[in-house]
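One structure is given below, encoded as C-alpha cells.
Residue numbering restarts at 1 for every chain, and letters A, B, ... go by the order of the sequence lines. On a predicted model such as this, the values are computed, not experimentally measured, just so you know.
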There are 2 protein chains.
Amino acid sequence: MSKHLKQRFRERGYRLTRQREAILEVLATTGEHLTAEEVHQRVQSICPELNLATVYRNLNLLAEQKIIGKVDFGDGRSRFEARSEHHHHLYCLKCGRVVDLFFCPVHLYESIFQTYRFRVTAHQFEAYGYCMGCELLNGKVGKP
Amino acid sequence: MSKHLKQRFRERGYRLTRQREAILEVLATTGEHLTAEEVHQRVQSICPELNLATVYRNLNLLAEQKIIGKVDFGDGRSRFEARSEHHHHLYCLKCGRVVDLFFCPVHLYESIFQTYRFRVTAHQFEAYGYCMGCELLNGKVGKP
DNA sequence: ATAGGTGCAAAACCTTTGCATCCGT
DNA sequence: ACGGATGCAAAGGTTTTGCACCTAT
C-alpha cells in the first residue's frame with residue numbers, strides 16, 4: 001500500500017488494520033467493480049477470518065473518504081472499484097462487463113442547475129446494454 | 001383513466017382492477033416521485049384494503065409496460081412517477097424535492113459506445129445536491 | 001492505556017414469492 | 001367459468017447495528 005494512503009489514514013485518525021489493507025489490496029489488484037460479497041470472497045485468501053460486516057463497514061468508509069469508488073448499476077447492490085477519479089460506466093446487462101467512461105456531461109447542465117437554484121454536489125451517468133460477445137450469443141434479431 | 005390506457009391494458013391481456021386504477025390515480029394526481037411505500041399509504045384513501053405486495057407487483061408491471069417511470073436515487077429504494085417520457089432528474093438530498101430534466105446527454109456518447117462495440121439499451125443520469133430552500137437552512141458555508 | 005476496529009449474531013429494510021381465494025372479462 | 005390478480009404471510013437478499021472482545025497507535 002502506498003505511503004500516501006497510509007498517511008491519509010493516520011491523518012484522519014483511522015487505523016491501518018490488516019483487514020483494511022486486505023480489502024484495498026483486492027480492489028487495487030483487480031480492475032473490476034466488485035460487490036461487497038465479491039470483495040469478501042476474494043479477501044479470504046489474504047485474510048481468512050475477515051467478516052462480511054467488516055467488509056461493508058470498510059468499503060463504506062473508504063468510499064466516503066474517496067479512496068475507492070462506489071457505483072450503483074441498479075441491480076440492488078452496490079459495487080466498489082479502486083479507481084477513484086470521477087468517471088462514468090458502460091455496463092453489460094448479460095455478462096456484467098464494465099467499461100469506464102471518462103467523458104462527463106455534467107458541465108452541459110450548469111445553466112439548468114442555476115435556473116433551478118440547486119447546488120449540485122454529485123451526479124451519475126451509467127449506460128446499460130450488451131457487449132459484442134453477449135450480443136452475438138444472444139442472436140442479433142429482436143432482442144431487448 | 002384514459003380510454004387509451006384501458007385499451008392498452010386489454011390488448012395485452014391485463015385486467016383493469018380497482019387496485020391498478022387506484023395506483024395510477026395516485027401517481028397521476030401527484031407529480032411526485034413516490035416510493036412503493038408512499039404509493040401504498042396514499043392509495044389507502046381510495047382503496048383501503050390494497051396490499052403492499054400488490055402495490056409492488058403493479059408498479060413493476062406498469063413500469064415494464066412503460067406506462068409509468070421507475071427511478072433510482074441511490075438510497076436503496078425505487079421511486080415511481082406518472083411521467084413516462086424519457087428524462088433525467090435533479091434530486092435534493094435534504095428535502096427530496098425532484099426536478100425533471102429534459103436535456104439528455106446520451107447522443108454525445110454514441111461514438112464511444114461504438115468504439116466499445118456495445119449496443120446500449122438504457123441509461124440514467126441523475127444529479128444530486130441541495131435546493132435553494134435547504135441550502136439556506138443549512139447555512140451557506142462549508143457544508144458538503 | 002485507550003479509543004477505534006472487528007467478529008458474531010441479530011435486526012433492519014426493501015422487495016419478491018407461494019398459495020388459497022377472489023374477480024374481471 | 002376461466003385465468004389472471006389479490007391478500008396474507010413468509011422468505012429472500014443486501015446492508016446495518018449492538019455489543020463484547022481485540023488491537024493499532
Quiz item: Can A:Gln114 and A:Glu110 be said to form a side-chain hydrogen bond (donor to acceptor under 3.5 Å, both in side chains), step by step?
Solution: CA-CA 6 Å; A:Gln114 280 179 31; A:Glu110 286 308 334; 5.2 Å; no

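Between the two ends of the helix from C:dA1-D:dT25 to C:dT25-D:dA1, each summarised by a five-pair axis, the helix axis turns through 40° (rounded to 10 degrees).
Only B:Gly76, B:Arg77, B:Ser78, listed by number, bring a heavy atom of residues 71-84 of chain B to less than 4.0 angstrom from any atom of DNA chain C. At a non-hydrogen distance threshold of 4.0 Å, B:Glu49, B:Leu50, B:Asn51, B:Ala53, B:Thr54, B:Arg57, B:Asn58 from residues 43-63 of chain B come into contact with DNA chain D.
You'll find the side chain of A:Val98 stays beyond 4.5 Å of the side chain of A:Leu90, heavy atoms only. In this structure the side chain of B:Arg20 reaches within 4.5 angstrom of the side chain of B:Tyr14, judged on heavy atoms. In this structure, the side chains of A:Asp72 and B:Phe73 stay at 4.5 Å or more apart for every pair of heavy atoms.
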Let me check something: any side-chain donor-acceptor pairs from residues 37-47 of chain B under 3.5 Å, sequence neighbours excluded? List them with distances.
from, atom 1, to, atom 2, distance (Å)
B:Glu38, OE1, B:Thr35, N, 2.8
B:Glu38, OE1, B:Thr35, OG1, 3.4
B:His40, NE2, B:Gln44, NE2, 3.1
B:His40, NE2, B:Leu50, O, 3.0
B:Arg42, NH1, B:Glu32, OE2, 3.1
B:Gln44, NE2, B:His40, O, 3.0
B:Ser45, OG, B:Arg42, O, 3.3

Let me have the donor-acceptor pairs involving side chains of residues 76-86 of chain B, under 3.5 Å, with sequence neighbours excluded, atom names and distances please.
from, atom 1, to, atom 2, distance (Å)
B:Arg77, NE, B:Asp75, OD2, 3.3
B:Arg79, NH2, B:Asp75, OD2, 2.5
B:Glu81, OE1, B:His33, NE2, 2.7
B:Glu81, OE1, B:His87, NE2, 3.1
B:Glu81, OE2, B:His87, NE2, 3.2
B:Glu81, OE2, B:His89, NE2, 3.2
B:Arg83, NH1, B:Asp100, OD2, 2.9
B:His86, NE2, B:His88, NE2, 3.3
B:His86, NE2, B:His123, NE2, 3.1

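Here NZ of B:Lys94 is found 8.5 Å from SG of B:Cys131. Values are rounded to the nearest 0.5 Å.
A:Tyr128 and A:Leu101 fall into different hydrophobic clusters, defined by Ile, Leu, Val, Met, Phe, Trp and Tyr side-chain heavy atoms under 4.5 Å apart, directly or through other members.
Straight-line distance from the NE2 atom of B:His40 to the P atom of C:dT16: 15 Å, rounded to whole Å. Whole-Å rounding puts the B:Arg12 CZ to D:dG4 P distance at 17 Å. Look at CZ on B:Arg20: it is 13 Å from C1' on C:dT25, rounded to the nearest Å.
A:Phe125 and B:Phe125 have tilted rings, their planes meeting at an angle from 30° to 60° on a 0 to 90° scale.
Donor-acceptor pairing under 3.5 Å is recorded for the side chains of A:Arg12 and A:Gln65.
In A:Tyr116, the OH atom is not crowded: 12 or fewer heavy atoms of neighbouring residues, nucleotides or ligands sit closer than 6.0 Å.
Between B:Arg18 and B:Glu25 there is no salt bridge, since no side-chain N of the basic residue sits under 4.0 Å from a carboxylate O of the acidic one.
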Quiz prompt | Base-contact (B) and sugar-phosphate-only (S) positions in nucleotides 20-25 of chain D, heavy-atom cut-off under 4.0 Å, - elsewhere | solution = ---BBS

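The aromatic ring centroids of A:Phe118 and B:Tyr130 lie 6.0 Å or more from each other.
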